[in-house]
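Input: a single structure, listed below in structure tokens.
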Amino acid sequence: MKNDEDIKKMATLLKSGAIMLADTCPVCGSPLFKLRSGQVICPHCDLPVVYLKEGESETIAVEPYILNKTKDILLKKLQQLTSSLDQDPENMSSYLALISEILEAIRDISALQGGAKANNGSV
Ligand SMILES: [Zn+2]
């Protein structure tokens with residue numbers, strides 16, 4: 001869905017010398033823009049888009065979006081588990097096992113996000 005805000009953003013991008021690409025955002029379907037720096041972004045999601053080249057086919061990944069979404073879901077699950085743990089102390093060990101798995105996954109995601117941040121600007 002394109003709204004006025006998106007159109008305004010797209011106009012600003014074009015004015016700044018960005019190019020509208022034929023590719024669309026894998027998340028929202030908006031047209032993607034290539035900035036003068038070479039970075040490709042989605043004006044709707046306001047996220048950088050990464051192209052993964054594999055042979056002839058080209059896939060687009062929105063890694064930060066996927067990571068944030070996963071982390072968000074995990075954190076919500078963690079919140080649910082914590083309240084279940086409180087209400088159901090007999091099954092504490094199975095809850096704790098799940099909680100520790102979720103925490104580990106969140107740690108992995110944070111590590112990936114940290115790595116992505118460290119690479120910003122160097123390319
Ligand atoms: Zn998008």
Side-chain angles (χ1 to χ4, degrees):
M1 267 309 147
K2 285 181 203 74
N3 54 39
D4 289 352
E5 198 61 32
D6 287 348
I7 291 164
K8 245 186 258 173
K9 267 192 215 168
M10 288 177 195
T12 311
L13 282 167
L14 288 172
K15 265 187 235 161
S16 76
I19 303 156
M20 190 164 108
L21 302 174
D23 298 319
T24 52
C25 174
V27 178
C28 70
S30 284
L32 297 175
F33 286 79
K34 188 174 187 173
L35 305 182
R36 292 173 95 175
S37 66
Q39 191 180 37
V40 176
I41 66 149
C42 169
H44 179 78
C45 305
D46 210 11
L47 284 172
V49 174
V50 185
Y51 283 81
L52 303 171
K53 278 187 184 155
E54 202 180 310
E56 304 253 306
S57 71
E58 212 168 26
T59 346
I60 305 169
V62 189
E63 191 182 286
Y65 175 83
I66 297 164
L67 290 179
N68 274 330
K69 186 106 186 153
T70 312
K71 202 163 155 183
D72 197 45
I73 292 166
L74 287 173
L75 285 170
K76 276 184 193 136
K77 203 78 208 156
L78 198 61
Q79 200 178 21
Q80 285 171 15
L81 279 168
T82 312
S83 53
S84 307
L85 179 65
D86 201 30
Q87 287 155 20
D88 190 9
E90 294 97 78
N91 292 312
M92 192 170 192
S93 60
S94 47
Y95 285 125
L96 285 178
L98 268 173
I99 288 172
S100 107
E101 267 179 54
I102 291 174
L103 285 175
E104 204 174 314
I106 292 172
R107 247 197 315 271
D108 286 350
I109 292 169
S110 300
L112 280 172
Q113 287 174 323
K117 261 177 216 154
N119 286 333
N120 263 0
S122 62
V123 182

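Listed by chain and residue number, Tyr65, Ile73 satisfy the side chain to side chain contact (heavy atoms under 4.5 Å, CB included) test with Lys69 (two or more places apart in sequence, or in another chain). With sequence neighbours left out, Lys71 forms a side-chain hydrogen bond (donor to acceptor under 3.5 Å, both in side chains) with Ser110, Gln113. For Asp108, there are no side chain to side chain contact (heavy atoms under 4.5 Å, CB included) partners two or more places apart in sequence or in a different chain. When the salt bridge (Lys or Arg N to Asp or Glu O under 4.0 Å) test is applied to Asp72, the partners found at least two apart in sequence or on another chain are Lys76. Residues satisfying the salt bridge (Lys or Arg N to Asp or Glu O under 4.0 Å) test with Lys15, not counting sequence neighbours, are none. Judged as a side chain to side chain contact (heavy atoms under 4.5 Å, CB included), and not counting sequence neighbours, the contacts of Glu90 are Asp88. For Lys9, the side chain to side chain contact (heavy atoms under 4.5 Å, CB included) partners are Pro43, Asp46, not counting sequence neighbours.
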Exercise. Please report the C-alpha distance between Asp23 and Val40 in whole Å, then the side-chain angles of each, then the deciding distance to 0.1 Å, and finally whether the side chain to side chain contact (heavy atoms under 4.5 Å, CB included) criterion is met.
Key: CA-CA 10 Å; Asp23 298 319; Val40 176; over 6 Å; no

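Taking both residues in full, the closest heavy atoms of Val49 and Leu32 are given as CG2-CD2, 3.8 Å, listed atom of the first, atom of the second, then distance. Residues Pro48 and Ile41 approach most closely at CA-CG2, 4.0 Å, considering heavy atoms.
Here the CD1 atom belonging to Ile7 is positioned 10.5 Å from the CD atom belonging to Glu5, to the nearest 0.5 angstrom. The line from CD of Glu101 to CG of Leu74 is 10.5 Å long, rounded to the nearest 0.5 Å.
Placement of Ile19 and Phe33 in two distinct hydrophobic clusters is found when ILVMFWY residues are connected by side-chain heavy-atom separations under 4.5 Å, directly or transitively. Note on Leu98: it clusters hydrophobically with Leu96, by side-chain heavy-atom contacts below 4.5 Å among ILVMFWY residues.
Between His44 and the options Cys25, Pro31, Ser30, a side chain to side chain contact (heavy atoms under 4.5 Å, CB included) holds for only Ser30.
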Please output the side-chain donor-acceptor pairs of residues 78-86 that fall under 3.5 Å, not counting sequence neighbours, one pair per line with the distance.
| residue | atom | partner | partner atom | Å |
| --- | --- | --- | --- | --- |
| Gln80 | OE1 | Lys77 | NZ | 3.1 |
| Thr82 | OG1 | Leu78 | O | 2.6 |
| Ser83 | OG | Gln79 | O | 3.4 |
| Ser83 | OG | Gln80 | O | 2.9 |
| Ser84 | OG | Gln80 | O | 2.9 |

